[in-house]
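All ligand and atom numbering here is 1-based and tracks the order in the structure.
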Amino acid sequence: MPTERDLAADSSHQRAPRPSPTQIGNRKLSAQTLMLGYGFDPELSEGSLKPPIFLTSTFVFESAAAGKRFFEGVTGKRPGGAEGLIYSRFNGPNQEILEDRLAVWEDADDSLAFSSGMSAIATLLLTFVRPGDCVVHSGPLYAATETLIAKILGQFGVSWVDFPSGATREEIDAAIAKGKDRGRISLVYLESPANPTNQLVDVEAVRAAVDAAFPADQRPPIAIDNTFLGPLWAKPLSNGADLSVYSLTKYVGGHSDLVAGGLVGERELINKIRMMRNTIGTICDPNTAWMLLRSLETLEMRMSRAGENAAKVCDFLKSHPKVEKIGYLGFLGEGSRQADIFKRHCSGAGSTFSLYLKGGEKEAFTFLDALQIANLAVSLGGTETLASAPAAMTHLSVPDERKKQLDITPNLVRISIGCEDADDLIADFANALQAV
Ligand SMILES: *Cc1c(COP(=O)(O)O)cnc(C)c1O
């Protein structure tokens with residue numbers, strides 16, 4: 001876990017920060033409790049209960065020797081990262097508290113905050129992938145991630161091989177073998193559940209396949225986009241992933257009022273990614289970090305409520321005569337491979353699902369236009385319920401053949417359930433279905 005020297009910006013105090021407890025007696029404190037105070041010492045900020053927002057581009061060194069020591073850390077001349085704050089492209093107090101608290105949810109060594117989910121993913125790829133390398137990934141991925149790997153890194157001589165999200169160990173083995181023929185596999189990149197298919201990736205099987213395919217000192221890192229179920233319902237680091245990536249814009253931010261990204265995981269990998277972030281400046285700003293600290297205080301409550309709401313709404317929708325089928329993780333076929341992965345990897349079914357209406361685009365649009373509580377908007381994970389039509393919106397530019405393969409049909413409505421009253425949402429959906 002990172003240290004909490006962070007608020008020593010007022011160096012006149014000249015004293016060590018008070019360590020925030022992570023344990024009382026034998027009791028290891030829960031993530032929910034730690035979100036309220038961990039990583040921040042009020043005494044270093046005039047007794048302020050809440051961290052101030054540190055709007056500064058640079059930090060004053062106590063002495064020239066201290067400045068040199070800090071730079072040794074930030075440039076990697078000395079391991080362990082910077083001992084103090086230098087310049088706001090590298091880090092700041094608000095971002096450091098945020099990073100301490102993000103790491104808590106997955107019991108990670110360390111964490112990094114970014115200006116968006118995509119800037120986190122781009123910084124990760126730039127850290128590990130070089131011309132001639134091959135990225136092995138699950139598919140489908142978030143559209144911008146697919147573009148970044150195939151189209152943009154492709155221009156720099158990087159290739160890729162994918163396997164379907166729900167792949168078996170044999171299929172994963174085959175993808176790795178194919179990837180080795182194309183170049184050095186420098187990163188294995190996963191996304192689970194996939195959007196909009198909701199297919200879960202067997203992270204344990206991926207780890208076993210990677211362990212079997214490489215000597216320990218040449219094993220590529222395994223990173224996974226955990227935006228949809230993390231950090232509450234899925235903790236992929238515990239299933240064998242090395243890095244967990246987040247669009248904090250979604251459930252973690254949770255109020256549809258900011259854009260940010262995060263990465264948690266193994267210390268040495270995080271240190272390498274931090275060097276890249278320091279160079280290209282993809283860190284989030286202090287105001288966004290502060291807002292994320294506020295969001296983290298209610299993360300567990302918001303996600304739990306949204307999850308309960310989604311279960312009730314899906315129960316209502318599943319037997320409705322105008323509904324063809326529902327892609328919701330709470331309804332996985334007993335005994336299926338997906339249900340087995342769910343049992344091993346997930347503690348909740350989430351609140352984002354796919355609703356297939358009987359009919360086509362006309363029916364989907366009539367339904368969307370008739371909603372009164374649910375908002376017609378893309379994105380997910382906010383306090384308010386959102387609904388959209390992927391075939392006509394987020395996935396409009398996906399080739400028809402690929403759309404068919406991914407079951408992105410014109411009658412598909414993607415729904416992210418929020419924190420409203422569940423029965424009010426059911427009334428809204430019942431009413432909109434009646435209009436179809
Ligand atoms: C939104 C999203 C992203 C991109 O995050 P931004 O914060 O919009 O950059 C990446 N992956 C998944 C799964 C997402 O939903």
Side-chain angles (χ1 to χ4, degrees), residues 95 98 102 111-126 135 137-153 162 165 187 189-201 203 223-234 236 241 243-264 273 277 280-285 287-289 291-292 295-296 299 303 306 327 329 345-346 350-354 377-382 384-388 390 393-395 398 406 408 414-418:
Q95 294 93 328
L98 171 63
L102 278 179
S111 147
L112 294 169
F114 292 89
S115 57
S116 71
M118 283 316 303
S119 77
I121 294 165
T123 308
L124 165 74
L125 287 163
L126 276 179
V135 176
H137 69 82
S138 64
L141 298 175
Y142 184 71
T145 310
E146 283 199 357
T147 302
L148 183 54
I149 293 172
K151 301 221 176 97
I152 300 176
L153 291 182
D162 69 349
S165 314
L187 184 68
Y189 187 88
L190 314 173
E191 184 175 316
S192 180
N195 178 21
T197 58
N198 263 359
Q199 289 283 303
L200 296 166
V201 176
V203 181
I224 178 166
D225 186 328
N226 194 33
T227 299
F228 272 74
L229 290 178
L232 193 65
W233 298 308
L243 294 162
S244 197
V245 189
Y246 290 88
S247 169
L248 302 177
T249 312
K250 314 296 166 55
Y251 285 99
V252 176
H255 296 72
S256 308
D257 56 4
L258 61 84
V259 172
L263 240 162
V264 306
I273 304 165
R277 188 188 67 174
I280 64 178
T282 40
I283 191 169
C284 77
D285 66 89
N287 188 68
T288 300
M291 287 176 63
L292 283 161
S295 292
L296 281 170
L299 176 88
M303 289 184 82
L329 290 173
H345 290 50
C346 310
S351 81
T352 302
F353 60 91
S354 299
V378 300
S379 195
L380 63 128
E384 56 289 280
T385 295
L386 304 181
S388 64
M393 298 169 190
T394 47
H395 293 69
V398 175
L406 299 176
I408 305 173
R414 195 71 176 147
I415 297 175
S416 165
I417 295 289

For the backbone of [Y] and the side chain of [X], can you confirm whether one donor and one acceptor N or O come within less than 3.5 Å of each other?
X: T385; Y: G418; result: yes
X: R414; Y: V378; result: no
X: S295; Y: G253; result: yes

Would you mind listing each N/O atom of ligand 1 next to any protein N/O under 3.5 Å, plus the distance?
from	atom 1	to	atom 2	distance (Å)
ligand 1	5 (O)	S247	OG	3.0
ligand 1	7 (O)	G117	N	2.9
ligand 1	7 (O)	S247	OG	2.8
ligand 1	7 (O)	T249	OG1	2.6
ligand 1	9 (O)	G117	N	3.0
ligand 1	9 (O)	M118	N	2.8
ligand 1	11 (N)	D225	OD2	2.6
ligand 1	15 (O)	K250	NZ	2.7

Distance-only side-chain donor-acceptor flag, T145 / E191, under 3.5 Å: no
Where L292 and A260 come nearest, the two heavy atoms and their spacing: CD1-CB, 3.7 Å
Working note: N226 + Y246, criterion side-chain contact (heavy atoms from CB on, under 4.5 Å); need CA distance, chi angles, decisive distance, verdict. CA-CA 6 Å; N226 194 33; Y246 290 88; 2.8 Å; yes
